[in-house]
Structures are given as C-alpha cells and as structure tokens.
Amino acid sequence: MCGIIGAIAQRPVEPILIEGLRRLEYRGYDSAGLAVIDGSELHRQRAVGKVEQLAQRLAEAPLAGHLGIAHTRWATHGKPSEANAHPHLSEDRVAVVHNGIIENYAELREQLTQKGYHFASDTDTEVIAHQIMEEMRQGLQLLDAVRSATAKFKGAYALGVISPTCPDRLIAVRQGSPLVIGLGISEHFIASDIQALLPVTQRFIYLENGDLAEVCGDTLRILDAQGSPVDRPVHQSGLSAGSADRGQFRHFMLKEIHEQPQAVAETLEGRLGTDAVLDGILGPGSEELLARVRSVQILACGTSYHAGLVASLWIEGLLGLPCRVEVASEFRYRRHAVMPDCLLVTISQSGETADTLAALRRAKTEGYLGSVSVCNVPESSLVRESDLVLMTHAGPEIGVASTKAFTTQLVALLLFTLSLGRHQGLDATLAASLVDHLRALPKMLERALELDAPIEQLSTLLADKHNALFLGRGGHYPIALEGALKLKEISYIHAEAYPAGELKHGPLALVDADMPVIVVAPNNRLLEKLKSNLQEVRARGGELLVFTDDPEALGADAHTHVLSVPSIDDWLSPIIHTIPLQLLAYHTAVLKGTDVDQPRNLAKSVTVE
Ligand code: AGP
C-alpha cells in the first residue's frame, strides 16, 4: 500500500529519499512527504499528489540533513491531503512514517487528547508519533520509547522513526508489514520494498515480525519480539537499479506485458525434465506430502484468484482431485468444512496481501495436510509462513495492474499440477506432452505479442464506451474475468465477465450497440456452443471482439472483429489468450488518457484488510 524509505548517511539524504519514493510510488500515490534532521532541528516537507509535486517543492527549498525518513501514501484513515500525508510529527521532536493500520488508534487518540496532545490529521499514524513522544516524556530514550509505545499498538504495521533528540539513529519496526534494512558502507537504509534501495545497495536484511532495529551509520542493532538482540541473515539481491526502469516502453505495464516470454522461461527454468516435471520442485519433503493429497483448497485475491480458478480446472480435469477456490477475504471470515487430506495453496504476487496472509494463518489451525505458496517475492510473509513454496520468477512487477505475475502464476500452477499428478496417476504420455507444450510456451507468447498493433487499432472501438461484457467458457472463463478486471482497473470502463452459456440467463438484456462484447473463443469442444452464444449477441446488434485460434470458424463481419491468436494445446490455451486481453485493456486506457501504471484508488500490494 504505502511506501517507506529512510536513510542515515554521511552524505545528504534528501536525493536518496526522493529517488526511493519515485521507485516506491507504485505502492501508493495520493501524497508524499519527507522529514530530515539537520543538526538539532527537524524539517518536514509534504505534498498532495505524485512524488513529483514533492520533488518540485524540495527543488525550491531543499532540505539538508544526513538522517531522514520519507513516505508515499495510499489513504486508509483520512482523505488524501497535505495534513494527512506522512511523516507525522509530535512537537517537532518525533517524526514517524507508517505502513499498515493501528486498529486501536481511536482509543489511544482519546487517551492522548486527554493528556493534552493536539491532533493535526485524521490518520491513525499521528497516534504513533504522540505515543512515542509520551513515552519520551516519561524519561525513555528514543529506542525504548518506541518499544514501549509499540507494546500498546494493535494491528499490522511497519514504522520508521527519527528524533532530533537522537540525531545519529533511525528506528525501524516491523509488525506484520514488510520492512527491510539496506546495508551500505558507513550508511544504512530502511524501506518497505527493496526496489527503493537498489540505487544505493544490493545487500539487505529482512526484518522478522516483532523486530525493532536501531540503525546508525556504522552500526546496526536488531532486537526480536522479546527484546533480545538477534542476528538476521544478510541477503545479496540479484536485482539492479535498472530492473525498475521502463526502458523503451511508454509504461511499466506495456514493458511487463512484453516481458512475459522471458518471465515464463525463467519460471520454467530448472523445473522441466525431458518428459516430466523434475522431482522436488516444491522443495525438500514435498514429494512425500504430495503423495498424501486427496483434495486441494486454493486461496487468493484479485488476479491471483483468477489464476487459482484456472488451476482448479487443471487439478480436477487432469487429476480428478476435488479442488475448491475461494477469495481469501471471504474464506478468512466464514465457517468452512475442510476436505479430507486437503492441501492448501495460496497464490500471491506480492506475498504480503493481508487477506491472503490472514486466510493462510487461519487455515493453518484447521487440519490441512500442509500449505504451498505460489509467490513472486522471496522473503515475503506468505513464503516464510508456508510449508512449501513454488516461486514464480516474473521479476519485479511495477505496474499496479498485474500482467506477467499472472501468466507466471499460471505456469507455476501447471507445474504444480504436474508435480501432484506424478502421485495421482496422471498418464505419463499426457504429462510428457504438457511438458513439451510448456517448453514451447515462451515462443508462443512471443507470437501472441505480435497482436500488439492490431489490438491497438481495435481498442478504438472500446475507448468511448462505458461498459463492456467479456465471455469465455471452461478454462477461458477465468481469463475473461481477468480481462474484465484489467479493463476496469486501468481504463475505468465498467466490465463484467460471464461464462458464455450464462448470457441468455440475464446479461443478454444489456446487449445493444453500446455494449461491446469481448469473447475468448479457442477452437475446442465448446466452440460450437460458443458460436451460438455469439449469434445471440449479433441478433441484438452488439459489437463483437473475438480472440480465437480458429478465425475461419468465427466469420468476421462489419460488427464482428476477429483476431487470430496462436494455436496451442487446449490445457495451455488460457495462458496464451491472456495476452490479447492485457493488450486490449492497455491500449484502451492509453486512448482514454488514464494513469496506466498507477490507476486511481489502487495500490500494488494490499497490505491492509
Ligand atoms: C491485479 O491487477 C490487481 N492489482 C489485484 O487484483 C491483485 O492481483 C490483488 O490485490 C492480489 O495481489 P497479490 O497477488 O499480491 O496477492
């Protein structure tokens, strides 16, 4: 959601913080702010809108200082405004940046108000600043004051705290929201995402939940949840600062769409044998666990949920194993029956989605055989809390609308299905042919990307519309759902997806010349049925945009626009058919002039409920 960065260095930190904010902006972008300590004084600058607004203000009035914290915000408590932007201060003696939510903030705010503290914002964060100040008033030094204050907070959060009373240290806290420490030479950094720090370091320590770190220029001390000093391992990241650049592309989203052949190739790397998925791709002990599985429960949110829907069709269709899929935000709050010998699978690009994490934590107490996470971020909470992990290797995804993370999730989930299939009687010849098709997939994706220019033209049919309907059948229905979500997210056109057979049960009433109908129509055993559904649309004067690997069978006319998608085995066809829908959403959004990479009201990683 929001982004945090902090730095303590021998050089001025303002440029480091601003560059870090730019790189974090995909996480939240309604306001931004920065505070530095210069000598014994605390200075702050904030601005509503993008980081660029803040950078302009700082260009007019630069802030000196070798210690600072900064934040880019995605509003939870209080509307986007300068007063609600972080850092929040208490009496110019404490400055705080915060990700997450303090659930008991109302009660603490009441207590602090009675003690005479004045609140200048509607945020829960200001409670943190005043509570730390209150602890300092009781005689505690900054580190102990933060420790004592956090003991009173309920919720999931990450904090960066500075005070001119301790001008040589930065305090960092991780309690449920991600936070890393970046290690430099006589300089150290903190951030909610390593992307922010890649220009200054590639060496990171991932804080654990409950950790509190005292970060100085030359030294670093980490205390665990019990207050005992701990050593956490140092990780060398393979990422470089350039991995978050747009390169020749106009938007990160377009770059990430075009990176899919490579991302899929990397997700397959080292996992395919000649005619089977390699043993143990889910890690040590995984084969024994997979052998005991009799059912599968998948949990995820948003796009990752759509990947789960496709996977459930693979697991039931190829293996005959019962497989349920549910959005994590519902599952976590309802009573549910656990199927016999059931393996829990969570799917998340970020590995920090609050609902998915909470659902995993709850499920772990409910008698599942074990948990597998399909995730793109090593060291994320989901990865660390799952028994087994199958990483997607999509690389950093910056565009808020998920693209390469989705197709790599699909690939990882098919690998997972094949791994499970080794123990569930999946026919070896069928498995070998799917392995062959997977190996060919990156090349097929490259061919699908050649549709970029024709789809750009087609998008003119959508850009002036207010609604759109997406249709698909079987494994292509989740792809229709994903296409509709992409269009909604970035073009703000209202879009719905239906299994095509459902059209006549209601949504057909909406179809007229102003309701474009986008159809995913692979040449499979359901094509004839789908063609009847298209006739239903044609008969009502609807405009059809059809993506198919059998264009002849569909018959283009003045109101039926047919685009040919490369033909591939039907089990993998949902992956290929994803590409044109991503491109359609992208080009429509560009025509509409929306903020493609940072669409309104959304954030990349949803770490609050
Ligand atoms: C995708 O385009 C969305 N931005 C969103 O639905 C996302 O997939 C969802 O929030 C889940 O995120 P996760 O994969 O990081 O858990």
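Counting starts at 1 for both ligands and their atoms, following the listed order.
- Listed by atom number, the atoms of ligand 1 under 4.0 Å from A401 heavy atoms are 2 (O).
- Every atom of ligand 1 with a heavy atom of S402 under 4.0 Å away is listed here by number and element: 1 (C), 2 (O).
- Every atom of ligand 1 is numbered from 1 in the order shown, and the set under 4.0 Å from a heavy atom of S304 is 8 (O), 13 (P), 14 (O).
- There is a side-chain donor-acceptor pair under 3.5 Å between R174 and S381.
- Salt-bridge formation is detected for the pair E489/K486: a Lys NZ or Arg NE/NH1/NH2 atom is positioned less than 4.0 Å from an Asp or Glu carboxylate oxygen.
- Paired with S402 under the rule side-chain hydrogen bond (donor to acceptor under 3.5 Å, both in side chains), one option of Q409, E397, Q349, H306 passes, and it is E397.
- Atom 4 (N) of ligand 1 has its nearest heavy-atom neighbour, among Q409, K488, E489, in E489.
- When all heavy atoms of N209 and G176 are compared, the pair lying nearest together is OD1-N, 2.6 Å.
- A salt bridge is absent between E25 and R22; no separation between the charged side-chain nitrogens and carboxylate oxygens falls under 4.0 Å.
- Heavy atoms of other residues, nucleotides or ligands lying less than 6.0 angstrom from CD of Q236 number more than 12.
- The distance from ligand 1 to the heavy atoms of S348 drops below 4.0 Å at these ligand atoms: 13 (P), 14 (O), 15 (O), 16 (O).
- Looking at K364 and E385, no side-chain N of the basic residue comes within less than 4.0 Å of a carboxylate O on the acidic one, giving no salt bridge.
- Residue contacts with ligand 1 for T353 involve side-chain atoms from C-beta outward but no N, CA, C or O (heavy atoms, distance under 4.0 Å).
- For ligand 1 and V400, the ligand atoms under 4.0 Å from any heavy atom of the residue are 2 (O), 4 (N).
- Checked against a 3.5 angstrom limit, the closest N/O atoms of T303 and ligand 1 fall inside it.
- The shell of residues lying under 4.0 angstrom from ligand 1, judged by heavy atoms, includes K486.
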